[in-house]
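Notes to accompany the following structure.
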Amino acid sequence: MYSQGLIGADGRTTESPEFLEAFQRRIDAEEKIEPNDAMPEGYRRTLVRQIGQHAHSEIVGMLPEGNWITRAPSLRRKAALLAKVQDEGGHGLYLYAAAETLGVSRDQMTEELLDGRAKYSSIFNYPTLTWADIGVIGWLVDGAAIMNQIPLCRCSYGPYARAMIRVCKEESFHQRQGYEIVMTLARGTPEQKAMAQDALNRWWWPSIMMFGPHDADSQHSDQSMAWKIKRFSNDELRQKFIDATVPQAEFIGLTIPDPDLTWNEAKGGYDHGPIDWDEFWRVVKGHGPMAKDRIKARRKAWDDGAWVREAALAHAEKRRARKMAAE
Amino acid sequence: MSGEVPLWEVFIRPRNGLSHKHVGSIHAADEVMALQAARDVYTRRGEGNSIWVVPSAAITASDPDQAGENFEPTAEKIYRHPTFYDIPDEVGHM
Ligand SMILES: [Fe+2]
Ligand SMILES: [Fe+2]
Ligand SMILES: [Fe+2]
């Protein structure tokens, strides 16, 4: 939080047409909105939901990769994976702090994640079956996240934009270490190359679903664009990602698992085959293969840590009392 | 979920010669753990060589609704800037 007094405060505004117009004028002039500024309730709610979801995604995203830390094939890979997973924890913390500037508390957000009210990116509800998955996650999942996050560095809400600038600086290493893993496998034995191809086959479609529903079916988009929370539509970002990724796959001799993928000269980009939105919604609604495990793991971490939090607070209180007595 | 862990604001000095700059916040039970957490969260890539942590509750902020009365008058006081004064070229740099 960047100035105190907001948590639990009444952030409601009287939303007269003049107020809304003046707010929109600030947004249109590319002025940043800061924590204590008056803002429409919808703007605040949208940001709380989006930043909270984003923070939860960073935290839950540590689980599928954490699964492979002890089994990384070399010390170099282990050090890189540890550093990456630690970064994701840090990203979660930057983002929770940004959300807190909007008047929601960290404990409240944690509670909503654990009881299933808050969502996180459904990509993390897929399992990491082989070491190749760790490479493909860095390459595609972090790659897709970067596409989404770069425009967020210019988001109209100051604390979110600042958090995203830190995140983006750190993400580039994530994607590069992932691509390096996949490249090494693709250039290895036939079994290793097959492992890389298998991971690409499983992660490709979930990765391009990370950009969300097609523009025509996206419910929050228009208002978010007007408020400059969002700068590009889902389909625009998905297109950029596909165009950037296809040559990277070709370079290491792997095949994107989409038989309809073709270069479209007229639009200067690739056309892709139909996306299985039924699967997307199934996973979003919590029926992904790992959904239950992920929340169970988060709940266990929270519950097992309860005594530590309590002990730390009790210790802090004891020190405070001792210091007061000495004065 | 009783007893929320307090919030701290984190300030980092990128290197000697520069001032500490606000970088974000963290939760911690006391100042010792706050420093430790700030180090882990905000300085993983040589971002600084000194950290301050301040309880968020200790910060008093100016009200954005009063930004006009607080800060706009200075815009009119152009005589506070050196370019307001005409000094002949012959005098040389001043
Ligand atoms: Fe991240
Ligand atoms: Fe992220
Ligand atoms: Fe990442």
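In what follows, chains carry the letters A, B, and so on, assigned in the order in which the sequence lines appear, proteins first and then strands, with residues in each chain numbered from 1.
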Discussion item. I'd like to check B:Glu47 versus A:Lys169 (side-chain heavy atoms, cut-off strictly below 4.5 Å). Are they in contact?
Written reply: no

Practice prompt. Would you check if there is a donor-acceptor pair between the side chains of A:Ser105 and B:Glu4 at a distance under 3.5 Å?
Written response: yes

Worksheet item: Does CZ in B:Arg13 sit with more than 12 non-hydrogen atoms of other residues, nucleotides or ligands closer than 6.0 Å?
Response: yes

Discussion item. Taking CZ in A:Arg76 as the centre, count heavy atoms belonging to other residues, nucleotides or ligands within less than 6.0 Å. Is the count above 12?
Written reply: no

Response to the item:
Here the pair of heavy atoms bringing B:Val41 nearest to A:Arg166 is O-NH2, 4.5 Å

Discussion item. For the interface with chain B, which of A:Gln86, A:Arg320, A:Glu317, A:His315 has the highest count of heavy-atom pairs at distances below 4.5 Å?
Written reply: A:Gln86

Worksheet item: So, for B:Asp30 and A:Ala316, which heavy atoms are closest and what is the spacing to 0.1 Å?
Response: CB-CB, 3.6 Å

Worksheet item: Is there a side-chain contact between A:Arg162 and B:Val23 (heavy atoms, below 4.5 Å)?
Response: no

Discussion item. Between B:Arg45 and A:Asp87, does any NZ, NE, NH1 or NH2 come within less than 4.0 Å of an OD or OE carboxylate oxygen?
Written reply: yes

Worksheet, complete the sentence: Taking every heavy atom of B:Met33 against every heavy atom of A:Ala312, the minimum-distance pair comes out as SD-CB, 3.8 Å

Discussion item. So, taking the atom named CD1 in B:Ile26 and the one named CG in A:Leu93, what distance separates them when rounded to the nearest 0.5 Å?
Written reply: 9.0 Å

Worksheet entry | Student check: side-chain heavy atoms of A:Thr101 and B:Ser25 closer than 4.5 Å | no

Worksheet, complete the sentence: Nearest heavy-atom approach of A:Asp37 to B:Pro64 is OD1-CB, 3.2 Å

Item to complete: Compare all side-chain heavy atoms of A:Tyr96 with those of B:His27 and state whether any distance is below 4.5 angstrom.
Response: no

